[in-house]
2 protein chains.
Amino acid sequence: MSSSTASPDNRIDDVDRAILAALQHDATRPYAELGKAVGLSAGAAHERVRKLRERGVVRATTIDVDAAALGKPVLSFVTLDAADWMGGSDTAEALAAIPEIEEAHIVAGSGTVLLKVRTASTQELQSVLKRLYAVDTVATTHTTVVLETLFTRPVAIADRTGSGGH
Amino acid sequence: MSSSTASPDNRIDDVDRAILAALQHDATRPYAELGKAVGLSAGAAHERVRKLRERGVVRATTIDVDAAALGKPVLSFVTLDAADWMGGSDTAEALAAIPEIEEAHIVAGSGTVLLKVRTASTQELQSVLKRLYAVDTVATTHTTVVLETLFTRPVAIADRTGSGGH
DNA sequence: GCTGAAATTTTCGTCCT
DNA sequence: AGGACGAAAATTTCAGC
């Protein structure tokens, strides 16, 4: 309810960065351990994490599930070229209704969408493409199937060592 | 250290699926709550999760960090066309050395790699591209900058309702 | 897989820097 | 304001059934 400052303390310092990096790697460790790793007491570490959550820097605590173990070994990237999507605006909902789509990004002016799709087989991938055509005025689609994933990792936490220029 | 059966119980049943879905949404809830949500006691729920971790179905417990809050608002997808990468094989390491790369996938025969890159600015994106050219025999690159992310979500947990065909 | 109890951890109040 | 310390509450974890 203050009025002087819009953002009281929206800065992320080195300790926050260390905490975020540690939690990205393993969010199950107790606060005492986490605190020791970043040079804080358990209570202080807890307070930092609470604030990071409150500020929205930490969106959620989740588990990383092995897609192959779940029976979804086929990963693909699909590019959609549609007619007039930006106007419709419930595009996101239509895409979200297809559970095989993990990510949906608008990548160009009006009409180009990039999708990350995970399916059990190429047959199911075909099923997704059919559903995509049924969604709206989809002009063309271009599908790229991933043969091998070299690596996947969370957002990099930049450290403020000063030398980290371009 | 057993020798009779290679995979004692590698199947994922409905309860496991319910647990995985719940944990994807929020992995901070106590086991008592989780158990109640899936119709199990706290102890049984804990045992299920322990086994899922042991089997590798649950790879890790992590936090979802807001990239924009971290100063990395620019998301791009970069396609690389290189000469002979598959033979070299330390390609993954060279790419992993570039922290801005979040994902690296091989998407075609010999030489095409798809990268998911997150940077602070388009200038930093340019810096990444320069480093990519320096890596190896990179013939061409094609970069697509994401204008808006409609949604991102974890791997879908299929439910065995029987009606879920293609 | 369930119940119950011990051990650990989280969480909160208070004081200190 | 932010962190340390200690105690209460909650949770995890392990026993036996």
Side-chain angles (χ1 to χ4, degrees), chain A residues 1-65 69 157-160, chain B residues 1-2 4-5 7-66 69-71 157 159-160:
Chain A
M1 311 317 173
S2 71
S3 56
S4 51
T5 54
S7 48
D9 190 271
N10 235 353
R11 263 185 57 193
I12 298 172
D13 63 12
D14 292 332
V15 179
D16 288 328
R17 265 183 268 268
I19 288 174
L20 292 172
L23 260 46
Q24 275 183 340
H25 188 68
D26 183 6
T28 65
R29 297 190 318 178
Y31 284 116
E33 242 184 89
L34 177 65
K36 195 163 62 180
V38 302
L40 252 58
S41 73
H46 176 254
E47 177 70 4
R48 288 272 191 159
V49 175
R50 194 191 62 74
K51 281 180 184 167
L52 286 168
R53 273 189 230 269
E54 202 177 60
R55 281 198 273 165
V57 177
V58 174
R59 283 221 203 84
T61 302
T62 55
I63 56 170
D64 182 21
V65 178
I157 313 282
D159 44 302
R160 322 204 79 294
Chain B
M1 307 309 180
S2 71
S4 51
T5 56
S7 50
D9 192 271
N10 235 352
R11 262 185 58 191
I12 299 172
D13 64 11
D14 293 332
V15 178
D16 287 328
R17 265 183 268 268
I19 287 174
L20 291 172
L23 259 46
Q24 274 183 341
H25 187 69
D26 183 6
T28 65
R29 297 191 317 177
Y31 285 116
E33 240 184 271
L34 176 66
K36 196 163 62 180
V38 303
L40 252 58
S41 74
H46 175 254
E47 178 69 5
R48 289 269 193 162
V49 174
R50 193 190 62 74
K51 280 180 185 168
L52 286 168
R53 273 190 230 271
E54 203 176 60
R55 279 198 275 165
V57 177
V58 174
R59 281 220 206 82
T61 302
T62 54
I63 55 169
D64 182 22
V65 178
D66 182 36
L70 250 135
I157 314 281
D159 43 302
R160 321 203 84 296

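Just so we're on the same page: letters track the sequence lines, and every chain starts at 1.
- Distance, Lys36(B) NZ to dT12(D) P: 13 Å, rounded to whole Å.
- Taken over five-pair windows at either terminus, the axes of the helix from dG1(C)-dC17(D) to dT17(C)-dA1(D) are inclined to one another by 30° (rounded to 10 degrees).
- For the pair Lys51(B) NZ and dT13(D) P, the interatomic distance rounds to 15 Å; values are reported in whole Å.
- For the atom pair CD (Glu54(A)) and CZ (Arg50(A)), the distance works out to 5.0 Å, reported to the nearest 0.5 Å.
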Polar pairs (N or O, both sides) under 3.5 Å between protein and nucleotides 10-12 of chain C?
residue : atom : partner  : partner atom : Å
dT10(C) : OP2  : Tyr31(A) : N            : 2.8
dT11(C) : OP2  : His46(A) : NE2          : 2.7

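- Lys36(A) and Glu33(A) are not joined by a salt bridge, as no carboxylate oxygen comes within less than 4.0 angstrom of a charged side-chain nitrogen.
- Between atom CD1 of residue Ile63(A) and atom CG of residue Asp26(B) there is a gap of 11.0 Å, rounded to the nearest 0.5 Å.
- For the pair Thr61(B) and Arg53(B), the minimum side-chain heavy-atom distance is below 4.5 Å.
- Of the listed nucleotides (dG2(D), dA4(D), dC2(C)), dA4(D) has the atom at the smallest distance from the side chain of Ala44(A).
- Put simply, the side chain of Arg55(B) reaches to within 4.5 Å of the side chain of Ile12(B), judged on heavy atoms.
- We find that CG of Leu40(B) is positioned 16 Å from C1' of dT13(D), with the value rounded to whole Å.
- A straight line from CG of Leu34(B) to C1' of dT12(D) spans 13 Å, rounded to a whole angstrom.
- Taking atom CD on Glu47(A) and atom P on dC16(C), their separation rounds to 19 Å, with Å as the unit.
- Side chains of Leu23(B) and Leu34(B) form a contact here, defined as non-hydrogen atoms less than 4.5 Å apart.
- The CZ atom of Arg48(B) sits 14.0 Å away from the OH atom of Tyr31(B) when rounded to the nearest 0.5 Å.
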Step by step, work out the side chain to side chain contact (heavy atoms under 4.5 Å, CB included) result for Val49(B) and Val58(B). CA-CA 8 Å; Val49(B) 174; Val58(B) 174; 5.7 Å; no

